[in-house]
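A short worksheet on the structure shown next.
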Amino acid sequence: MLQVSVLRRRPGFCLEASFAAPTPGIIALFGRSGSGKTTLVNIISGLLAPDAGAVRLDDEVLTDSRAGIAVAVERRRIGYVFQDARLFPHLSVGGNLRYGERRSRAAPRLIGFDEVVSLLGLAPLLARRPRELSGGERQRVALGRALLAQPRLLLLDEPLASIDVARREEVLPYLEALRDQLAIPMVYVSHQFDEVLRLATHVVLLEAGRVLAQGAVNEVSLRPELQSVVGPDLVGAVLEGVVVRLDPDSGSAELTVGTGTLQVSLRDVPLGSRVRLQLLARDVILATQPVQGLSVRNALASTVTAISNDDYGAVLVRLDVGGETVLARITQDALRALKLRPGDAVWTLVKAVSTRGHAFRLAARP
Amino acid sequence: MNGSSGSAELDALRLSLEVAARSVGFSLPLAVLVAWILTRARFPGRIVFDAFVHLPLVLPPVAVGYVLLMLFGARAPIGGWLRSHFGIELAFTTAGAALATAVMTFPLMVRAIRLSLENVDRGLEEAARTLGAAAVDRFVSITLPLMLPGILAGAVTAFAAGLGEFGAVITFASNIPGATRTLPLALYTAMQSPGGDALALRLATLSLALGLLGLLACELLVRRVRRLLGR
């Protein structure tokens with residue numbers, strides 16, 4: 001369990017944030033730039049001191065302003081992967097990796113040099129200098145260097161921000177591998193919901209130095225506060241399901257979600273794996289009668305549970321679909337025409353392809 | 001070190017090199033410390049300390065030599081104490097010439113080192129901290145290697161400048177052949193002696209060549225180290 005409750009006031013910015021999240025797992029600190037995410041991880045690492053408050057990791061108090069406790073950064077054993085990697089320019093990749101390892105001899109062994117090198121694919125880079133690496137390679141080395149210091153907690157401050165979108169795949173699969181193979185808790189700072197969806201097990205939503213919402217990814221995806229951060233187009237319920245049928249030729253898969261099934265366009269996932277996907281609210285269609293002759297692959301019997309205005313002139317309809325919650329974004333006109341009210345039975349139409357790009361592998365739960 | 005080769009030029013050259021080398025060896029660790037204090041430490045009176053360190057740049061060298069004599073002379077407070085406790089004599093000795101040179105070139109060295117320290121990315125020190133390195137460890141493993149170009153530049157510049165220090169040396173250590181008569185002092189002496197023109201010309205040429213060589217060596221060395229450091 002990571003418990004943070006801190007206050008830091010500076011001219012023009014005030015951070016007053018509290019959250020508690022289960023460990024191990026990936027805790028995403030999600031919010032726009034300037035929302036206080038980096039300040040918060042710096043406080044967790046000890047590089048910044050809060051004006052007041054406490055940081056606890058499992059049973060250990062790292063910072064407690066009232067008790068006068070502030071464990072020194074170098075004794076916290078908290079790994080930190082900075083946005084700009086911060087590799088030591090006068091050392092080779094191997095030297096950078098060994099730096100933290102050499103200074104963690106007394107710590108319980110979590111992972112060895114060879115394991116890090118193979119897990120992160122660093123073997124061909126070992127003799128190189130940091131300036132000879134690409135952005136993605138740099139972040140992988142920074143990740144390896146932090147891991148070899150045998151951390152109890154790993155902080156990642158937008159590790160993909162300085163890498164081209166197309167090259168992020170050089171790093172993302174490695175992060176998934178870390179999450180699934182090592183039991184190191186991580187705090188992952190991001191302003192991209194895609195990354196959160198793909199990696200996180202717990203989300204803390206930050207805005208202007210305050211925590212707007214926190215919880216499991218599917219819970220937070222339903223919170224209206226998320227809309228103010230990601231905008232109306234990226235709002236949508238996150239569902240988790242298990243792949244029960246695969247058709248490799250057409251690239252479609254069938255998932256059990258709640259008590260029902262969902263057909264989605266999904267490749268490269270093994271049968272039986274757990275996946276997480278987001279149904280963007282703007283892509284979900286509602287019908288009051290069974291429809292025929294449509295290309296839509298999913299027509300799900302559902303019940304309207306709530307209707308709210310979405311601050312952007314449209315309406316968000318909350319639906320119960322076989323025990324799972326789905327959001328649909330429709331216009332005021334459509335709402336009037338269908339005369340929808342809470343409790344009504346409707347058909348929720350979801351195109352198999354409109355979930356594409358939002359389906360991600362999830363760790364098998366230990 | 002009172003061996004004489006019989007040639008005035010070689011004696012002066014050897015002595016100049018020795019004085020410059022001893023002065024650099026003595027002042028380098030101190031210059032790193034002072035540069036660190038001036039860059040990183042925040043304390044009241046920092047500006048005064050800064051000015052004091054740079055004083056030899058603006059004082060007449062003769063005045064510096066005079067102050068040294070007042071402090072380190074055989075009967076002066078510090079000089080007398082050094083003499084009675086350690087048997088060290090500074091006034092009118094080669095060691096004294098090195099001390100005078102060190103004081104005069106100290107600001108040059110501090111400036112070069114300070115500049116390189118200001119360029120060290122503190123983010124790298126923070127990264128080292130998160131990897132378990134405590135303060136002294138961080139300084140030795142990260143800060144010092146990254147400052148190396150400035151330290152080398154400072155040392156070589158101070159060495160080259162030290163070869164030619166005149167006013168402070170002649171005031172504090174006098175002009176003793178084989179002990180404190182360095183290149184510039186020998187040149188001055190030759191100019192004062194009847195028929196010393198040829199010797200003076202040779203000594204002046206030697207000084208010029210040495211200075212040029214020193215500056216070139218400095219530039220090449222710094223470039224090379226920068227490449228090694230990956231910049």
Side-chain angles (χ1 to χ4, degrees), chain A residues 38 41-42 44-48 62 71-93 95-107 127-133 138 141-157, chain B residues 28-29 31-32 35-36 39-43 112-156 218-231:
Chain A
T38 300
V41 282
N42 280 338
I44 297 172
S45 74
L47 290 172
L48 282 181
L62 295 171
V71 176
V73 177
E74 57 268 30
R75 282 199 298 274
R76 286 194 180 203
R77 289 186 40 230
I78 293 182
Y80 198 147
V81 177
F82 297 90
Q83 205 177 113
D84 49 353
R86 300 194 187 175
L87 299 181
F88 304 132
H90 59 300
L91 301 177
S92 65
V93 167
N96 270 279
L97 292 175
R98 296 276 188 202
Y99 191 92
E101 191 194 30
R102 236 178 257 134
R103 287 162 177 79
S104 63
R105 297 248 190 262
R128 291 213 216 149
R129 290 287 177 147
R131 74 192 143 121
E132 299 163 345
L133 304 177
R138 248 174 236 161
V141 175
L143 198 55
R145 182 178 72 174
L147 283 173
L148 281 169
Q150 317 297 333
R152 300 181 292 181
L153 175 71
L154 193 57
L155 308 172
L156 301 114
D157 184 12
Chain B
L28 195 58
V32 172
W36 190 89
T39 313
R40 295 287 175 86
R42 290 283 167 271
F43 57 94
I113 296 173
R114 191 174 166 183
L115 207 66
S116 70
L117 181 56
E118 277 164 4
N119 283 327
V120 171
D121 179 2
R122 307 217 46 186
L124 295 175
E125 295 171 5
E126 284 183 353
R129 225 179 154 195
T130 65
L131 293 167
V136 174
D137 183 4
R138 285 201 295 279
F139 182 74
V140 173
S141 63
I142 304 294
T143 319
L144 207 55
L146 293 176
M147 285 165 69
L148 210 55
I151 293 176
L152 283 174
V156 178
C218 174
E219 187 58 34
L220 290 175
L221 204 63
V222 168
R223 280 189 193 185
R224 177 157 204 151
V225 170
R226 281 219 178 105
R227 249 202 311 277
L228 273 177
L229 291 179
R231 303 246 192 109

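Residue numbers begin at 1 in each chain, while the letters A, B, ... track the order of the sequences. Note that the structure is predicted; figures quoted are calculated from it, not measured.
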Evaluate the criterion salt bridge (Lys or Arg N to Asp or Glu O under 4.0 Å) for residue pair B/Glu219 and B/Arg223; output intermediate values, then yes/no. CA-CA 6 Å; B/Glu219 187 58 34; B/Arg223 280 189 193 185; 3.5 Å; yes
Main-chain N/O of A/Leu47 paired to A/Asn42 side chain as donor or acceptor, under 3.5 Å: no
When only heavy atoms count and the cut-off is under 4.5 Å, which of residues 75-84 of chain A reach chain B? A/Ile78, A/Tyr80, A/Phe82
Pair count under 4.5 Å, heavy atoms only, with chain B: among A/Gln150, A/Glu132, A/Arg145, highest is A/Arg145
What part of A/Leu155 is in contact with chain B, defined as an atom under 4.5 angstrom from a non-hydrogen atom: side chain, backbone, both or neither? neither
Does any heavy atom of chain B fall under 4.5 Å from the side chain of A/Arg102, the backbone, both, or neither of them? neither
Do B/Leu148 and A/His90 come within less than 4.5 Å of each other through their side chains, counting heavy atoms only? no
If you count heavy-atom pairs within less than 4.5 Å of chain A, which of B/Pro145, B/Ala133, B/Ala134 leads? B/Ala133
With sequence neighbours excluded, tell me which residues meet salt bridge (charged side-chain N to carboxylate O under 4.0 Å, His left out) with A/Arg98. A/Glu101
Residue list, salt bridge (charged side-chain N to carboxylate O under 4.0 Å, His left out) with B/Asp121, at least two apart or on another chain: none
Side chains of B/Thr39 and B/Val120: does their closest heavy-atom pair fall under 4.5 Å? no
Side chains of A/Arg103 and A/Glu74, heavy atoms from C-beta outward: is any pair under 4.5 Å? no
Residue list, salt bridge (charged side-chain N to carboxylate O under 4.0 Å, His left out) with B/Glu126, at least two apart or on another chain: A/Arg86
